[in-house]
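Convention: sequence-line order gives letters A, B, ...; per-chain numbering from 1.
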Number of protein chains: 2
Amino acid sequence: MFNNKELLEVKDRILKEAQQLFIRRGYKGTSVRDIAKASGTNVAMVNYYFQSKYNLFEIIFEQALDVLTKRVFETITSDRPIFELIEIWIHTYYEILFEYPEIPTFILNEVSLNPEGLTQRIKNRNPYGAFSKVAQRIEDEAKKGEIRETPAADFLLNILSLCMFPFMFGNLAMTLMEIPRDAYDELIASHEKYVIEFTINALKPCK
Amino acid sequence: MFNNKELLEVKDRILKEAQQLFIRRGYKGTSVRDIAKASGTNVAMVNYYFQSKYNLFEIIFEQALDVLTKRVFETITSDRPIFELIEIWIHTYYEILFEYPEIPTFILNEVSLNPEGLTQRIKNRNPYGAFSKVAQRIEDEAKKGEIRETPAADFLLNILSLCMFPFMFGNLAMTLMEIPRDAYDELIASHEKYVIEFTINALKPCK
DNA sequence: GTCTATAGCGGGATAGAC
DNA sequence: GTCTATCCCGCTATAGAC
């Protein structure tokens, strides 16, 4: 509901269009004028509701962090069998990124352009909590002989790499291969299965 | 040699500082005034030698592409044994990115902000040539039973993911873990070894 | 709450003196 | 080749009428 632009309150229309523009064109590449025009209002309204461009940007940035972290944190702290957990973990990332493919590029890029201002916002979410639980899990499974000896931090980084990079590479890949969005989506969907298989093969001991 | 700023010609000083600034702050985040000041000259000189900001940017962008592609293309078309080739392939990426860690973020970000203008420049390099040779190689080795059945495109994407993402993630990781550049460099160096092991384990059939 | 008008700054580019 | 001065534009933010 409320897909109709006209039915949304001005404030929400601004938020919605700001999200599109900031994520696609970045902070520097987006002007308050662009946001005002896209949401069918004017510059004064944007500042009336959000005080400043940067303040509006911070709200969008936090929303993007939510998308990338909330569901995944829930998923990886569950008590499923280890290979099932890994499969669902990867699948959750692909499902999220299928819907919001530009978010990893957006976040990493804005953080690298403005580290002082933005990293604290990520730290506030305490990502260590969720990840240390996974680390413990990996250690236990290795002791049981279910998986190979595996440094948890390196493994975590591999999962992030294998899930995020294909979407960050998407724009480039599509134009290089001269295929439209749909076709790349299909490639990505089959890539997900390969990534799961690849990861599980890498972890499984050869008995 | 010529490390001393004063000994370089004005044109080369501008190129050098423009590289730093464009790669670190992006096209939109860098002004011609910044470049002029950093190279100890003025705006008029930058335009005298390079006509426009965008023209100068294109030169820097091409240089960045060179860094990321030239050595790797040579490496992966060699006739080494397959596992040795994979090890050297990954190692080459890590060696390059150790020296220029910001380049993948820079390229992917600028392409996503300006796809029409920049992707043609990548296509011109004909990356298919090198990659199709690797694809053939993977197919042959799978037939011989040296490695598992492996879709070449997916495998290539995994290699890119596992090599590039850790550097793109670097800025964020460093501030999250509250460690300085040196410490992250050490983590990356040991991560390289894990990535090689991980990849080879994923490929090796369990005999 | 909404809008027009404008202040005030920083951007890219160039004219023209030397 | 080099530099100063300047044009003109687009940006963020706000004042003030309604």
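- Annotation: cation-pi pair B/K53/B/Y27 present, NZ/CZ under 6.0 Å from the ring centroid and within 45° of its normal.
- Picking from C/dG1, C/dT14, D/dA15 the nucleotide with the shortest atom distance to the side chain of A/A44 gives D/dA15.
- Of the candidate nucleotides D/dT14, D/dA13, C/dA13, D/dA13 has the atom lying nearest to any side-chain atom of A/K53.
- The existence of a salt bridge linking B/K70 and B/E74 is excluded, since no basic side-chain nitrogen approaches an acidic carboxylate oxygen closer than 4.0 Å.
- For A/N42, the side-chain atoms get nearest to C/dT4 when compared with the rest of C/dG1, C/dT4, C/dG11.
- Per the geometry, CG belonging to B/D34 stands 10 Å off C1' belonging to C/dG10, to the nearest Å.
- Distance CG (B/N47) to C1' (C/dA13): 6 Å, rounded to an integer number of Å.
- If you take CZ on B/F167 and NE2 on B/H191, they are separated by 9.0 Å, rounding to the nearest 0.5 Å.
- Residue B/Y49 has its side chain nearest to D/dT2 when only D/dT2, D/dC11, C/dT2 are considered.
- If you measure from atom CD of B/Q51 to atom C1' of D/dG1, you get 14 Å, rounded to the nearest angstrom.
- Per the geometry, CG belonging to B/N55 stands 14 Å off C1' belonging to C/dA13, to the nearest Å.
- As a whole-Å value, the separation of A/R13 CZ from C/dG1 P is 14 Å.
- Here C/dC3 is the nucleotide among C/dC3, D/dT12, C/dT2 with the atom lying nearest to any side-chain atom of A/T41.
- For the residue pair B/P127 and B/F73, the shortest heavy atom distance occurs at CA-CZ, 3.8 Å.
- Residue A/V10 is classed as a sugar-phosphate contact, given heavy-atom separations below 4.0 Å to backbone atoms only.
- Taking atom CD1 on B/I14 and atom P on C/dA13, their separation rounds to 14 Å, with Å as the unit.
- At whole-Å resolution of the value, CD in A/E9 and C1' in C/dT2 are 14 Å apart.
- Distances from the side chain of A/Y48 to the nucleotides C/dT2, C/dG12, C/dA13 place C/dT2 closest.
- Listed candidates were D/dG1, C/dT2, D/dA13. Nearest to the side chain of B/M45 is D/dG1.
- Going from atom NZ of B/K37 over to atom C1' of D/dC3 covers 16 Å, rounded to whole Å.
- With hydrogens and angles left out, the side-chain atoms of A/N47 and A/Q51 include no donor and acceptor closer than 3.5 Å.
- Within 3.5 Å, no donor on the side chain of B/R33 pairs with an acceptor on the base of C/dG10, nor the reverse.
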